[in-house]
There are 2 protein chains.
Amino acid sequence: MTQLSLTPAVALDAFDLAILDILQRDNTTSQREIAQAVHLSAPAVQRRIRRLRESGVIRKEVAVLDASRLGRPLILTVEVHLHDEHPQRTAGMRARIMAEPAIQQCYGITGEADYLLVITASSMAEYEALTERLFGGDDNIRRYRTSVALTCLKMGLHVPLT
Amino acid sequence: MTQLSLTPAVALDAFDLAILDILQRDNTTSQREIAQAVHLSAPAVQRRIRRLRESGVIRKEVAVLDASRLGRPLILTVEVHLHDEHPQRTAGMRARIMAEPAIQQCYGITGEADYLLVITASSMAEYEALTERLFGGDDNIRRYRTSVALTCLKMGLHVPLT
DNA sequence: GATGAAATAGCTACAGA
DNA sequence: TCTGTAGCTATTTCATC
C-alpha cells in the first residue's frame with residue numbers, strides 16, 4: 001500500500017533494467033522482441049519477467065486510458081489542510097479517499113498542507129459533489145484548496161532506470 | 001500531448017467499457033478470458049481492442065514499476081510560481097521538464113501556483129541537483145515550494161468507468 | 001542461460017444475422 | 001456493420017541439457 005516503505009533492494013542486473021525499461025514503455029512487446037533487444041534468449045527473458053513480477057518490482061500491468069475521451073475531461077488537484085493529523089482522526093478521510101474511484105492519487109505530504117490529491121471529474125458539478133462527500137461532515141478538515149489543471153504536460157508513473 | 005484537449009467523443013458501448021475496465025486493471029488478461037467475462041467471442045473482443053487502441057482511447061499499455069525498489073524511494077511534489085506565464089517565457093522551463101525523466105507528472109494549474117510537479121528521486125541530493133537544473137538559471141521562476149510525500153495512499157491513473 | 005517440444009494465445013478469413 | 005466459427009500462425013511455457 002505505502003509505496004514509500006523501505007523494501008529491501010532486489011538484486012537487479014543490467015539485463016533486468018533493460019527489460020524493465022522496455023516493459024514500462026510498452027508491455028505488449030513480445031518476449032522474442034525483448035530477447036533480441038537485450039541479447040538474451042526468450043526463455044531467459046521470460047524467467048526474469050516472472051521473477052520481477054513475483055518480487056513486486058513490476059507492481060502491475062495495465063492499459064492507460066484517455067480520461068477525456070471517457071467523459072472525464074477535468075483534472076483537479078487539491079491541497080487538504082487538517083486540524084489534527086493523528087491516525088485515528090484521519091482514518092475516516094483516508095477510507096473515503098480510497099473508496100472514491102475519481103481520486104487517482106493521494107499523497108500525505110510535509111509542509112503547509114497535509115494531503116495532496118489528484119482527481120479526475122466529468123464536470124465541476126460532479127467535483128463539487130465529490131468534495132461534499134469527502135469533506136462535508138468531517139470537522140477535522142481545516143480547509144482545502146482546489147486547482148484546476150489547464151494543461152497536462154506530463155502524466156505518468158514512468159520510473160527512470162539509470 | 002495535452003490530455004485535456006476536447007477530443008470528439010468516440011462511440012463506446014457497454015461491451016467496450018467492460019473490456020476497458022478489465023484492461024486498465026490487468027492488460028495481461030487473455031482475449032479468451034475477456035471474451036467469456038463480457039459474453040462475446042474472442043475475435044469480437046480483439047476487434048474492439050484494436051479499435052480502442054487505434055482511436056486512442058487506450059493511450060498506452062505499460063508495466064507499472066515499484067520506484068522504491070528501483071532506488072528511487074522519494075516522491076516530491078513541487079508548486080512552481082512564475083513571474084510571467086506567457087508561452088514564450090515558459091517554453092524553456094517546459095522543455096526542461098519534458099527532458100527530465102525524474103519528473104513524472106506536470107500540470108499547469110489555476111490558483112496561486114502556476115505548475116504542479118510530481119517527482120521521483122533517489123535522494124535529496126539528487127533532487128536538489130534536479131531543482132538546480134530546472135530552476136537555476138531561469139529568472140522567470142518566482143519561487144517553488146517543495147513537499148515531501150511521507151505516505152502514498154493512492155498512486156495511479158485508473159479512470160472510473162461509470 | 002540455451003534448446004526444442006507442448007500448450008496457449010492471438011490473428012485472419014469466411015459465413016450469417 | 002457487427003458477430004461467431006473455424007483454422008492457422010505466433011507466442012508463451014515447460015522440460016531438458
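Atom C1' of nucleotide dC2(D) and atom CD1 of I19(B) are separated by 13 Å, given to the nearest angstrom. For the pair Q46(A) CD and dT8(C) C1', the computed distance is 12 Å after rounding to whole Å. At whole-Å resolution of the value, CG in L40(B) and P in dG10(C) are 15 Å apart. At whole-Å resolution of the value, CD1 in I49(A) and P in dC14(D) are 14 Å apart. One atom, CZ of R32(A), and another, C1' of dT13(D), lie 14 Å apart when rounded to the nearest Å. R51(B) places its CZ atom 8 Å from the C1' atom of dC2(D), with the value rounded to the nearest Å. dA7(C) atom C1' lies 15 Å from atom CD of E33(B), rounded to whole Å. Between the CZ atom of R50(B) and the P atom of dC11(C) there is a distance of 9 Å, given to the nearest Å.
Between D66(B) and R59(A) there is no salt bridge, since no side-chain N of the basic residue sits under 4.0 Å from a carboxylate O of the acidic one. Between E100(B) and R96(B), none of the side-chain N atoms (NZ, or NE/NH1/NH2) sits under 4.0 Å from a carboxylate O, so this pair counts as no salt bridge. Between D138(B) and R89(B), none of the side-chain N atoms (NZ, or NE/NH1/NH2) sits under 4.0 Å from a carboxylate O, so this pair counts as no salt bridge.
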Atom pairs under 3.5 Å: protein N/O with N/O of nucleotides 15-17 of chain D:
none

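Here S41(B) lies in heavy-atom contact (under 4.0 Å) with a base.
Annotation: R51(A), atom CZ; neighbour count of heavy atoms from other residues, nucleotides and ligands within 6.0 Å is above 12.
Note on R48(B): a side-chain N or O is less than 4.0 Å away from OP1 or OP2 of dT3(D). Phosphate proximity of dT13(D) to Q31(A): present, with a side-chain N or O under 4.0 Å from OP1 or OP2.
In the model, S122(B) has a side-chain atom that pairs as donor or acceptor with a side-chain atom of E126(B) under 3.5 Å.
Pairing each heavy atom of A149(A) with each of I109(B), the nearest pair is CA-CG2, 4.1 Å.
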*Could you please spell out the steps behind the side chain to side chain donor-acceptor pair (under 3.5 Å) verdict for Y107(A) and S147(B)?*
CA-CA 10 Å; Y107(A) 305 100; S147(B) 294; over 6 Å; no
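With dG1(C), dT3(D), dG10(C) as the choices, the nucleotide that has an atom nearest any side-chain atom of A44(A) turns out to be dG1(C).
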